[in-house]
2 protein chains.
Amino acid sequence: MGASKTNAFSVEDIEVSAYLKALGHPARIAILNLLIKKQACICGDIVDEISLAQSTISQHLKALKAVNLIKGDIDGVSVCYCINESEWRKAQIMIQDFLEKAKFPKEKCC
Amino acid sequence: MGASKTNAFSVEDIEVSAYLKALGHPARIAILNLLIKKQACICGDIVDEISLAQSTISQHLKALKAVNLIKGDIDGVSVCYCINESEWRKAQIMIQDFLEKAKFPKEKCC
DNA sequence: CATATTAATCGCAATATTACGATAATAGAT
DNA sequence: ATCTATTATCGTAATATTGCGATTAATATG
């Protein structure tokens, strides 16, 4: 096996976990922090700031693009990446709703 | 390779991405939803509700315990799992802070 | 004590992820 | 047209994840 049994889970669980999974790597967090700080980034700038190979950065960018959290516009020979606002807000709402709905056992339990 | 170059990233990025990674699987989201709904759950109840093998559920529980988002108390022959409130709040704050600090490009960019 | 119940762990197989260097592909400059 | 810069993709290797059945360990129960 190794692949997740996507048929066993609800569409919502799959969707929110896909966002969370895409965010679940320090390199991708670092990339997003950079995009947030600079508003937008040429791919090469990211490579300069994060000590990973260019091909590795490119892969992480691809993972973030796959869930639409970022978009990249071709600008001549380079590519300008930035946060995709609408999708970010959507992910934010889904994740926050999930985190906020947690109720904690008052009395005993564990 | 295959392992992430943890030395290349900030402690904060590693910490928040560890929470996000632990949450980044539909089975673990489903488990947490169940724990939230029922307040607390015997492991066997989780196995009954989610169509995965007992050993697989146990592994996912281990992953959630590894980042302290849940705790399990031995109750005789069974184990009662529930959300770990303090760690949940900590993760929630870290994740929400990250998501909320995003600023979006006003004019052009991409 | 023997037996059942429950959950963790082991061993294994399939697949996914992470990382890198090398190679393409594209656009700009000479 | 040739060269350069930039980024994506390919190929490969190492490691991690997911999932399952079988086994183990621990505690009840007869």
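Residue numbers begin at 1 in each chain, while the letters A, B, ... track the order of the sequences.
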Worksheet item: Is A:K21 near enough to C:dT17 that one of its side-chain N or O atoms lies under 4.0 angstrom from OP1 or OP2?
Response: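 Answer yes for this pair, as a side-chain N or O of A:K21 is under 4.0 Å from OP1 or OP2.
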
Discussion item. Less than 4.0 angstrom between a side-chain N/O of B:H25 and OP1 or OP2 of D:dG19, yes or no?
Written reply: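 The answer is yes; a side-chain N or O of B:H25 sits under 4.0 Å from OP1 or OP2.
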
For atom [atom1] of [X] and atom [atom2] of [N], their distance in whole Å:
X     : N      : atom1 : atom2 : value
A:I42 : C:dA27 : CD1   : C1'   : 13 Å
A:Y81 : D:dA8  : OH    : P     : 3 Å
B:D45 : C:dT5  : CG    : P     : 16 Å
A:I70 : D:dT7  : CD1   : C1'   : 13 Å

Item to complete: Enumerate the residues from residues 54-63 of chain B whose closest heavy atom to DNA chain D is under 4.0 Å, giving them by residue number; use none for an empty result.
Response: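 Those residues whose heavy atoms fall under 4.0 Å from DNA chain D, taken from residues 54-63 of chain B in numerical order, are B:S55, B:T56, B:Q59, B:H60.
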
Worksheet item: If each of A:V79 and B:D75 is mapped to the nucleotide of DNA chain D with the nearest heavy atom, which maps nearer the 5' terminus, i.e. the 5' end?
Response: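 The answer here is A:V79.
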
Worksheet item: Can you tell if the side chain of B:I95 reaches within under 4.5 Å of the side chain of B:L23, non-hydrogen atoms only?
Response: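 Sidechains of B:L23 and B:I95: in contact.
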
Worksheet item: Any idea how B:F104 and A:W88 line up, ring-wise: parallel (<30°), tilted (30 to 60°), or perpendicular (>60°)?
Response: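 The arrangement is perpendicular - the two ring planes meet at more than 60°.
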
Worksheet item: Side chains of A:E100 and B:Q96: donor-acceptor distance under 3.5 Å anywhere?
Response: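 There is such a pair (donor and acceptor under 3.5 Å, judged by atom type) between the side chains of A:E100 and B:Q96.
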
Worksheet entry | Sugar-phosphate, base or nothing in reach of A:I74, heavy atoms under 4.0 Å |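 Result for A:I74 = nothing.
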
Discussion item. The side chain of A:A53 is closest to which nucleotide in this list: C:dC20, D:dT6, D:dG21?
Written reply: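 Looking only at side-chain atoms, A:A53 lies closest to C:dC20.
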
